[in-house]
Amino acid sequence: MGVTPKTNAVIKESLGLTFKQKEVLISAMVKRYADRNEPTDDRENLFENIIETLSELKPGNQDLIDFITKPLVLDFYADIPKPYRSYVGQNYRSADGSGNSVVLPDTGKAGTNYARTVTSFAHTSEKLPDPNLVFDKLFKRPANYFDPHPAGINMLLFCVAILITHDLFKSDPKNPARNLTTSYLDLSPLYGNNEQEQKSIRTMSKGLLKADQWVDRRLVFQPAGVGALLVVFSRNHNFIAKKLLELNENGRFTVGPGLLNEEQQDEALFQTARLINGGCYLNIIRRDYIRVILGADAGSTFNFDPFVDVEEPLYGNAVSIEFNFVYRWHAAIGQVDSDWLTEVMALYDKASAESRKTGNPVDMNKVGQEFNELFIHATPEELSLGNPIAGLHRDSAGDFSQDGLSQILHTKYEQVASRIGNGLNIPASLKHIEVAGIMQGRKLQCCTFNEFRAKLQLKKLESFKDFSDLPEVQNGLKELYGTPDAVELYPGLTVEKMKPAGMHMPYTMGRAILSDAVNLLRNDRFFVTENTPANLTNWGYDYTQGDPNKSQRVSPDLFRNILPGAFSETELDNLFTAPLKP
Ligand code: HEM
Ligand SMILES: [Ca+2]
């Protein structure tokens, strides 16, 4: 508008207008000031001119003054968002995920209940099918059958997926409504879910972790690639902590009189390294993982940015029970891993049968011992050095061999995964786990599959032909459920047809995973408000931003730093697609 002395004179003159006319004219001027979409050039003195004009009004014009100043005052008020969502001095993640939202500090804390995304208003069915039959007729991969993933996605991607799911879900065996881990992607499988677990893997000096450690024992029983990935992040933490001290930007980690003591130095280095390591993990999720899920080319500059127009997160994040089911991709398990799993699950099933008989929880120590005898062959001394990885040994200092870790990850890179959707594709050895999953859904009163679709604004499926391409699955659904509306959430998600692109996910799963992923990332204060050079240091922040010549991906640098030679340069460009067999 540019209120100059000349226009100001015009405005003054216009004050002789009728009240209605003044209102129209001046409100247009104020609106122009208040509705600024671009940064204001305050050197134009627009605000000052409005005030000056108003101050020259004759007495008795208070109504007009109020009318004009009200939007300005409201605008100033709105400059500062409320409730307050960020405080100085809360720049580190807590061990148990609390305080991520400063407004609702318990949201997403380890040990709180799963959220519910969809309330079910469907009549509860009194004749739900036997979950064992659901598995046999809809889920079970036939013997000697393997259908490779149509886009050639490899098991390395699913090792990352397993790391992510264990970061988000840890259903309490005693209470399936409860999630024992944090609802944030904060590498809780590495760092633990409370201070005691966190301290158990720290050296408590210079921010370092003990050699090749991670906390979550559940991952010992997963394919060895998951343990190897955790060791990569564990080593990345130490690489970062050492670099931070070496660079010591602005002397922020210096020990001395009036500065830090050694304990404070350890804490500052540990927590800063943890934030940077989390930034690397976030980069891999955004730039390698989500990119492949969506089906973008490795070399393309396409970036589906979950953080576009992000605001300071207010509410925190709580993963839902529906998300837990959306993320059970057991059908993806590759052939080699499936064969191995048959042997592992035999141990687990034996211990579960024992637990059903005695009423005690599954004795994981016993499973661990037998697992060690079969797959690890470690002495008690070696086991005392930390979680084992099948196929590897720790040296006396507690380190795994670099070549061994590289080799394990490379075999996951080479192993093609299976297709995920359409049904009849989950390794038979997982039957008990799947049956328990179906029962968990029932116990927690999950919505039906069609109710879930409706919530996502997706068309309800009206015929069993719409579910899966496989006639056996269509018939099985009819026999077990009778009508499409009766199909339960988890079975529906698992047997649905696949999308034609990207990760070829079953349709509803593929749609839902995006809502959950976007919320998960945007709701995390440490990925938004606290993700700054001031918190991560300049070097740390830049490290997490990835290589500008590699589509902003951090994974090439990270693997070169931590496991040099594990992957060739071409492999680093496309980590999640199995190489074509010659
Ligand atoms: C060979 C590979 C796998 C094995 C051996 C395996 C094993 C298991 C087992 C034993 C459970 C029962 C709960 C527990 O004890 O933790 C489980 C649950 C689960 N799995 Fe897998 N799984 C594998 C692959 C995957 C993959 C690829 C995904 C998806 C990315 C996945 C997602 C889940 C989820 C979300 C749960 C529920 C966790 C909870 O509620 O605590 N799993 N899996
Ligand atoms: Ca977590």
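Reckoned from all heavy atoms, side chains included, excluding hydrogens, waters and symmetry mates. Counting convention: from 1, in listed order, for ligands and their atoms alike.
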Query raised in the report: Salt bridge between Arg356 and Asp349, side-chain N to carboxylate O under 4.0 Å?
Result: no
Requested in this report: Only heavy atoms count here, so choose which of His330, His166, Gln440, Met155 is nearest to atom 8 (C) of ligand 1.
Outcome: His330
Report task. Indicate if the distance from the Ca ion (ligand 2) to the nearest N, O or S atom of Tyr184 falls below 3.0 Å. Result -> yes
Query raised in the report: Quick one: nearest non-hydrogen protein atom to atom 28 (C) of ligand 1, plus distance?
Result: Trp329 N, 3.7 Å
**Report entry** Minimum non-hydrogen distance to atom 5 (C) of ligand 1, winning option of Ile321, Leu341, Leu180
**Finding:** Leu341
**Report entry** Salt-bridge criterion met for Lys431 and Asp136 (N-O under 4.0 Å)
**Finding:** yes
Query raised in the report: Going by an N to O cut-off under 4.0 Å, is there a salt bridge joining Arg394 and Asp212?
Result: no
Query raised in the report: Between Leu424 and Tyr145, is any pair of side-chain heavy atoms under 4.5 Å apart?
Result: no
**Report entry** Residue, atom name and distance, where the atom is the protein heavy atom closest to atom 16 (O) of ligand 1
**Finding:** Arg218 CD, 4.0 Å
Query raised in the report: Is Arg274 positioned over the aromatic face of Tyr92, cation under 6.0 angstrom from the ring centre and no more than 45 degrees off axis?
Result: no
Query raised in the report: At what distance is the nearest protein heavy atom to atom 15 (O) of ligand 1, and which residue and atom is it?
Result: Tyr348 OH, 3.8 Å
**Report entry** Polar contact flag, side-chain donor to acceptor under 3.5 angstrom, Tyr184-Asp167
**Finding:** no
Query raised in the report: Quick one: does NZ or CZ of Arg291 land under 6.0 Å from the six-membered ring centre of Phe304, within 45 degrees of the ring axis?
Result: no
Query raised in the report: Does NZ or CZ of Arg93 fall inside the cone over Phe527's six-membered ring, less than 6.0 Å from its centre and within 45° of the axis?
Result: yes
Query raised in the report: Can you give the angle Asp167 O - the Ca ion (ligand 2) - Ser188 OG, rounded to 10°?
Result: 90°
Report summary line: The atoms of ligand 1 lying under 4.0 Å from a heavy atom of Ala161, numbered in the order shown, are 30 (C)
Query raised in the report: To the nearest 0.1 Å, how far is atom 38 (C) of ligand 1 from its closest protein heavy atom, and which atom is that?
Result: Phe169 CB, 4.0 Å
Query - Contacting atoms of ligand 1, where contact means under 4.0 angstrom from a heavy atom of Tyr114 - result: 40 (O)
Query raised in the report: Considering only heavy atoms, does Ile333 approach ligand 1 within less than 4.0 Å through its side chain, its backbone, both, or neither?
Result: side chain
Query raised in the report: Which atoms from ligand 1 have a heavy atom of Asn324 less than 4.0 Å away?
Result: 35 (C), 37 (C), 39 (C), 40 (O)
Report task. Identify the protein heavy atom lying closest to atom 26 (C) of ligand 1, giving its residue, its atom name and the separation to 0.1 Å. Result -> Ile162 CG1, 3.6 Å
Query - Side chain, backbone, both or neither: the part of Pro223 lying under 4.0 Å from ligand 1 by heavy atom - result: side chain
Query raised in the report: Near Lys170, which atoms of ligand 1 are under 4.0 Å from a heavy atom of that residue?
Result: 41 (O)
Query raised in the report: For Lys350 and Glu370, what are the C-alpha separation, side-chain angles and deciding distance, and is it a salt bridge (Lys or Arg N to Asp or Glu O under 4.0 Å)?
Result: CA-CA 11 Å; Lys350 207 169 75 187; Glu370 292 179 352; 3.4 Å; yes
Report summary line: Counting from 1 in the order shown, the ligand 1 atoms closer than 4.0 Å to a non-hydrogen atom of Ser171 are 39 (C), 40 (O), 41 (O)
Query raised in the report: Got a salt bridge between Asp172 and Lys174, using NZ or NE/NH1/NH2 to carboxylate O under 4.0 Å?
Result: no
Query raised in the report: Has Thr182 got an N/O/S atom less than 3.0 Å from the Ca ion (ligand 2)?
Result: yes
**Report entry** Asn193 backbone or side-chain N/O/S under 3.0 Å from the Ca ion (ligand 2)
**Finding:** no
Query - Nearest-contact summary for atom 9 (C) of ligand 1 - protein heavy atom, Å - result: Ile433 CG2, 3.8 Å
Query - For Gln407, side chain to side chain contact (heavy atoms under 4.5 Å, CB included) partners two or more places apart - result: none
Report summary line: The atom name of the N, O or S atom in Asp186 nearest to the Ca ion (ligand 2) is OD1
Report task. Starting from atom 7 (C) of ligand 1, locate the nearest protein heavy atom and write down its residue, its atom name and how far away it is, to 0.1 Å. Result -> Gln222 NE2, 3.6 Å
Report summary line: closest protein heavy atom to atom 29 (C) of ligand 1 is Tyr327 O, 3.1 Å
**Report entry** Salt bridge present between Glu267 and Arg202 (N-O < 4.0 angstrom)
**Finding:** yes
Report task. Taking atom types as modelled, find out whether Ser515 and Arg511 have a side-chain donor-acceptor pair closer than 3.5 angstrom. Result -> yes
Report task. For atom 13 (C) of ligand 1, decide whether some protein heavy-atom distance is shorter than 4.0 Å. Result -> no
Query raised in the report: Are the side chain of Asn154 and the backbone N or O of Leu157 linked by a donor-acceptor pair below 3.5 Å?
Result: yes
Query raised in the report: atom 34 (C) of ligand 1: which of Met345, Arg328, Met364 has the nearest heavy atom?
Result: Arg328
